[in-house]
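Below is one structure, written out as structure tokens; comments come after it.
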Amino acid sequence: MESFGSRLHRAVDERGPLCVGIDPHPGLLARWGLADDLQGLDRFTQTVVEALGDRVAVVKPQSAFFERFGSHGVAILESTIRQLRDAGSLVLLDVKRGDIGSTVSAYASAYLDPSSPLYVDAVTASPYLGVGSLAPMFELAAQHGGGVFVLALTSNPEGAAVQRARTADGRTVAQTVIDEISQLNRGATPLGSFGLVVGATIGDTGHDLSGVGGPLLAPGLGAQGAGAADLRAVFGSSLGSVLPSYSREVLSAGPDVAALRAAADRVLADCRAVLPAR
């Protein structure tokens with residue numbers, strides 16, 4: 001089976017370096033004139049799929065905003081995933097799961113096994129029980145051509161206390177995560193299937209991302225405060241591996257389909273102006 005890294009590389013070549021989140025939180029539903037209920041959730045996601053599913057390389061639903069409606073919300077998430085895949089987008093499910101043993105194996109089966117109704121192209125994961133605890137995710141992803149994006153340097157101010165803490169060998173916790181993911185991608189071409197999440201708002205990280213060999217997801221662009229030009233300071237010589245991620249900056253343009261497409265086109269142009277041509 002073709003690897004996620006290869007599929008992502010091709011999708012970015014064909015559609016451009018852009019990931020758009022689907023984050024149907026109450027404020028956005030209200031801005032669209034929708035009720036904060038299942039009908040509003042369904043209308044919101046259907047509109048985003050119609051507007052962007054056949055245009056954007058990666059779409060990133062945030063699982064929590066569907067889970068808050070219980071089983072019916074998860075059913076809408078399952079339908080959204082299917083529709084996005086049918087439209088040709090890669091689906092990155094933002095779940096930030098992390099656990100040990102049989103539990104992380106169950107999470108892997110839920111999202112990375114093609115027999116699951118929640119099967120997606122890639123997921124986000126938390127490494128703070130140890131990167132090795134995520135091995136079942138990495139293994140199942142590799143088996144079925146999936147990807148895993150592991151949190152490394154996040155934009156929230158609370159993250160620094162853990163991520164920038166020093167380990168016994170002098171590296172930060174974040175650098176140990178970066179280095180372990182780099183090992184997983186060793187030898188992969190044209191792009192490894194195991195990525196990192198590095199916030200676009202954090203400026204010069206002081207960390208070495210040059211050997212990762214996989215995609216670098218950069219959330220925090222747009223409404224969260226960072227602009228495409230800020231990617232240079234964060235990623236430096238690793239800009240060629242960056243997958244910029246926008247949510248509210250694009251979604252706030254809805255519910256008009258044409259306006260959503262125009263917003264996505266605008267931020268994509270901003271990113272193309274900064275990222276190296278491929």
Side-chain angles (χ1 to χ4, degrees), residues 15-96 118 120 124 154-158 197 199-202 217-231 243-272:
R15 297 189 174 193
L18 181 63
C19 171
V20 175
I22 300 182
D23 298 357
H25 58 74
L28 264 177
L29 292 174
R31 181 171 181 143
W32 281 33
L34 299 172
D36 187 20
D37 58 17
L38 284 167
Q39 185 175 358
L41 175 70
D42 188 49
R43 178 70 179 275
F44 183 94
T45 55
Q46 291 279 341
T47 303
V48 176
V49 170
E50 178 187 352
L52 304 178
D54 62 351
R55 300 167 70 90
V56 174
V58 182
V59 178
K60 180 172 66 68
Q62 168 47 256
S63 184
F65 290 114
F66 296 83
E67 293 172 26
R68 70 192 183 98
F69 290 103
S71 61
H72 294 294
V74 174
I76 291 174
L77 176 59
E78 292 173 1
S79 176
T80 300
I81 291 167
R82 289 193 300 271
Q83 292 175 60
L84 287 168
R85 292 173 67 90
D86 288 345
S89 285
L90 297 179
V91 183
L92 167 57
L93 188 59
D94 197 355
V95 288
K96 299 184 179 71
L118 284 167
V120 290
T124 57
T154 58
S155 296
N156 63 306
E158 303 88 351
V197 180
T201 62
I202 60 177
L217 183 71
L221 290 158
Q224 290 177 266
D230 294 313
L231 296 173
L243 178 63
S245 181
Y246 289 81
S247 293
R248 278 175 287 172
E249 183 79 5
V250 173
L251 299 177
S252 294
D256 182 73
V257 167
L260 284 166
R261 290 173 176 168
D265 289 346
R266 184 182 68 252
V267 298
L268 176 57
D270 291 344
C271 293
R272 286 189 189 277

What I'd like to find out is whether the side chain of [X] reaches to under 4.5 Å of the side chain of [Y], using heavy atoms alone.
X: Val20; Y: Leu18; value: yes
X: Phe65; Y: Ile22; value: no
X: Thr201; Y: Asp230; value: no
X: Trp32; Y: Thr47; value: yes

message: Go through it in stages, so that I can follow the logic: the residues are Val59 and Thr80, the test is side-chain contact (heavy atoms from CB on, under 4.5 Å), and I'd like the CA-CA distance, side-chain angles, deciding distance and then a yes or no.
response: CA-CA 10 Å; Val59 178; Thr80 300; over 6 Å; no
Residue of the set Pro219, Cys19, Ser89 for which side chain to side chain contact (heavy atoms under 4.5 Å, CB included) holds with Lys60: Cys19
- request: Test side-chain contact (heavy atoms from CB on, under 4.5 Å) on Leu217 and Val58 and set out the steps.
  value: CA-CA 11 Å; Leu217 183 71; Val58 182; over 6 Å; no
field: Heavy atoms of other groups near Arg85 CZ, more than 12 under 6.0 Å
entry: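 More than 12 heavy atoms, drawn from other residues, nucleotides or ligands, come within 6.0 Å of this atom.
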Euclidean distance, [Y] [atom2] relative to [X] [atom1], rounded to 0.5 Å:
X: Asp86; Y: Ile81; atom1: CG; atom2: CD1; result: 12.0 Å
X: Gln62; Y: Arg68; atom1: CD; atom2: CZ; result: 11.0 Å
X: Gln83; Y: Ile76; atom1: CD; atom2: CD1; result: 10.5 Å
X: Asp94; Y: Ser247; atom1: CG; atom2: OG; result: 8.5 Å
X: Ser155; Y: Leu221; atom1: OG; atom2: CG; result: 8.5 Å
X: Leu251; Y: Leu28; atom1: CG; atom2: CG; result: 5.5 Å

message: Has Thr45 got a side-chain atom pairing as donor or acceptor with Asp42's backbone, closer than 3.5 angstrom?
response: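 Here the side-chain-to-backbone pair exists.
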field: Full working for side-chain contact (heavy atoms from CB on, under 4.5 Å) between Gln39 and Arg43
entry: CA-CA 6 Å; Gln39 185 175 358; Arg43 178 70 179 275; 5.6 Å; no
Any idea which heavy atoms bring [X] and [Y] closest together, and the distance?
X: Gly73; Y: Leu38; value: N-CD2, 3.6 Å
X: Arg15; Y: Ala87; value: NH2-O, 3.0 Å
X: Pro61; Y: Val91; value: CD-CG1, 3.9 Å
X: Ala218; Y: Leu231; value: CB-CD2, 3.9 Å
X: Ile202; Y: Thr154; value: CG2-O, 3.6 Å
X: Thr124; Y: Val95; value: OG1-N, 3.0 Å

query: Is there a donor in the side chain of Asn156 and an acceptor in the side chain of Glu158, or the other way round, less than 3.5 Å apart?
result: yes
Distance-only donor-acceptor hits, side chain of residues 257-272, under 3.5 Å, sequence neighbours excluded:
unit_1 : atom_1 : unit_2 : atom_2 : d
Arg261 : NE     : Ala51  : O      : 3.0
Arg261 : NH2    : Glu50  : O      : 3.1
Asp265 : OD1    : Arg55  : NH2    : 3.4
Asp265 : OD2    : Arg55  : NH2    : 3.0

task: Decide yes or no on side-chain contact (heavy atoms from CB on, under 4.5 Å) for Arg31 and His25, but give the supporting numbers first.
output: CA-CA 10 Å; Arg31 181 171 181 143; His25 58 74; over 6 Å; no
